[in-house]
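All of these numbers come straight from a predicted model, not from anything done at the bench. Throughout, protein chains are lettered first and strands after them, A, B, ... in sequence-line order, and every chain is numbered starting at 1.
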Protein chains: 2
Amino acid sequence: MVKRVRGSRTGRPIMVLLDLLGRRWVLRIVWELRDGPRRFRELQDAIGASPTIVNTRLAELREARLVELDAAAGYRLTVLGRELLRLFLPLHLWSEKWARATGVA
Amino acid sequence: MVKRVRGSRTGRPIMVLLDLLGRRWVLRIVWELRDGPRRFRELQDAIGASPTIVNTRLAELREARLVELDAAAGYRLTVLGRELLRLFLPLHLWSEKWARATGVA
DNA sequence: CTCCGTTACTACAATTATTGTAGCGTCAAT
DNA sequence: ATTGACGCTACAATAATTGTAGTAACGGAG
């Protein structure tokens, strides 16, 4: 069961998902795994967060069946995780449009 | 300029965007605005966060040109905000599949 | 067998973010 | 004058995150 300490006490899947994805570093971790498995430290260095929180988030993502640890290769997206990532890929292109439109990034 | 106190010090649009969307309540606020404008308090009640943080997040979202305040109607998504929301809509359906697959929500 | 590097991960104090409660200032209607 | 809706702020209490250090398990080289 994914903890929902924060908002969305309704238990509706979309709320639980938005809650999970809205936790610091979660989106970023999923994003960093887009091209294949990464080691714990490698991931930690890539995003620049503390090992404590990287480990916490990885545990949450594993519990949510979005990420798994392969002893030989490192952390990687599960089938579900890759599906989710696919939904997010359009963000990449859109973010550049957004940046141009706002001068914000 | 969107602050990037947290991760993503690269300045790449996708990183800035993931950082912004990864802040607590941001995804939820965008989601709550999907059906039209909401008043400050209404929004606050809907998500159950403190007025302090709701106001902080709304300010960030306004700076990012994703949300705007219409004095007559309340807070609402801008054109860019609606584009972003459209990218997120598939999450709704997928979240139910995810919930069934994991028993997690 | 021991030393060395790599692995995932934990301990813990310091710092930062968020909450919860109360309330302010403005405006419009009564 | 009062009331109510509105966006928003102050501030102390609590929770989340960081940064640094270090643990424990494993595998290969000497």
With a 4.0 Å limit, can you tell me whether B:Asn55 has a side-chain N or O closer than that to the phosphate oxygens OP1/OP2 of D:dT9? yes
note: A:Gln44, atom CD; D:dG19, atom P; distance rounded to Å ~ 10 Å
Whole-Å distance, A:Ile53 CD1 to C:dA11 P, equals 15 Å
Polar atom pairs between nucleotides 10-12 of chain D and protein, under 3.5 Å, N or O only, would you list them?
| from | atom 1 | to | atom 2 | distance (Å) |
| --- | --- | --- | --- | --- |
| D:dA10 | N6 | B:Thr52 | OG1 | 3.3 |

Test your reading of the model: is there a side-chain donor-acceptor pair from A:Trp98 to the backbone of B:Leu66, 3.5 Å cut-off? no
Could you check whether A:Arg38 gets within reach of a base, just the sugar-phosphate, or nothing at all, counting any heavy atom under 4.0 Å? nothing
Hey, is the side chain of B:Arg24 pairing donor to acceptor with the base of D:dA16 inside 3.5 Å? no
Can you check the A:Arg28 CZ to D:dT17 C1' distance for me, whole Å? 16 Å
Is it true that B:Arg41 and B:Asp45 make a salt bridge, defined as a side-chain N closer than 4.0 Å to a carboxylate O? no
Under 3.5 Å, is there a donor-acceptor pair between the side chain of A:Arg57 and the main chain of A:Arg24? yes
Sidechain-backbone polar pair: A:Arg38 side chain, A:Glu32 backbone, donor-acceptor under 3.5 Å: yes
B:Ile47 atom CD1 is separated from C:dG20 atom P, nearest whole Å, by 12 Å
Rounded to whole Å, CZ of B:Phe40 lies from C1' of D:dA5 at a distance of 14 Å
To the side chain of B:Leu69, which of D:dG7, C:dA8, C:dT18 is closest? D:dG7
Atom-to-atom span, CG of A:Leu58 to C1' of C:dT7 - whole angstrom: 14 Å
With respect to the phosphate group of C:dA8, does any side-chain polar atom (N or O) of A:Arg39 fall under 4.0 Å of OP1 or OP2? yes
Can you check whether B:Gly103's main-chain N or O pairs, donor with acceptor, with A:Arg65's side chain at less than 3.5 Å? no
If the cut-off is 4.0 Å, is B:Trp25 near the phosphate of C:dT19, judged by side-chain N/O to OP1 or OP2? yes
Exactly one of A:Arg82, A:Arg76, A:Arg62 should register a salt bridge (charged side-chain N to carboxylate O under 4.0 Å, His left out) with A:Glu68. Which one does? A:Arg76
Starting from the 5' end of DNA chain C, give me the residue, B:Arg41 or B:Thr56, whose nearest nucleotide shows up first. B:Thr56
Does A:Arg57 put a side-chain nitrogen or oxygen below 4.0 Å from OP1 or OP2 of D:dT17? yes
Whole angstrom is fine here: how far is it from CG in A:Asp70 over to C1' in C:dA8? 14 Å
Between C1' of C:dA17 and CD of B:Glu60, the distance in whole Å: 11 Å
CG/A:Leu93: more than 12 non-hydrogen atoms of other groups inside 6.0 Å: no
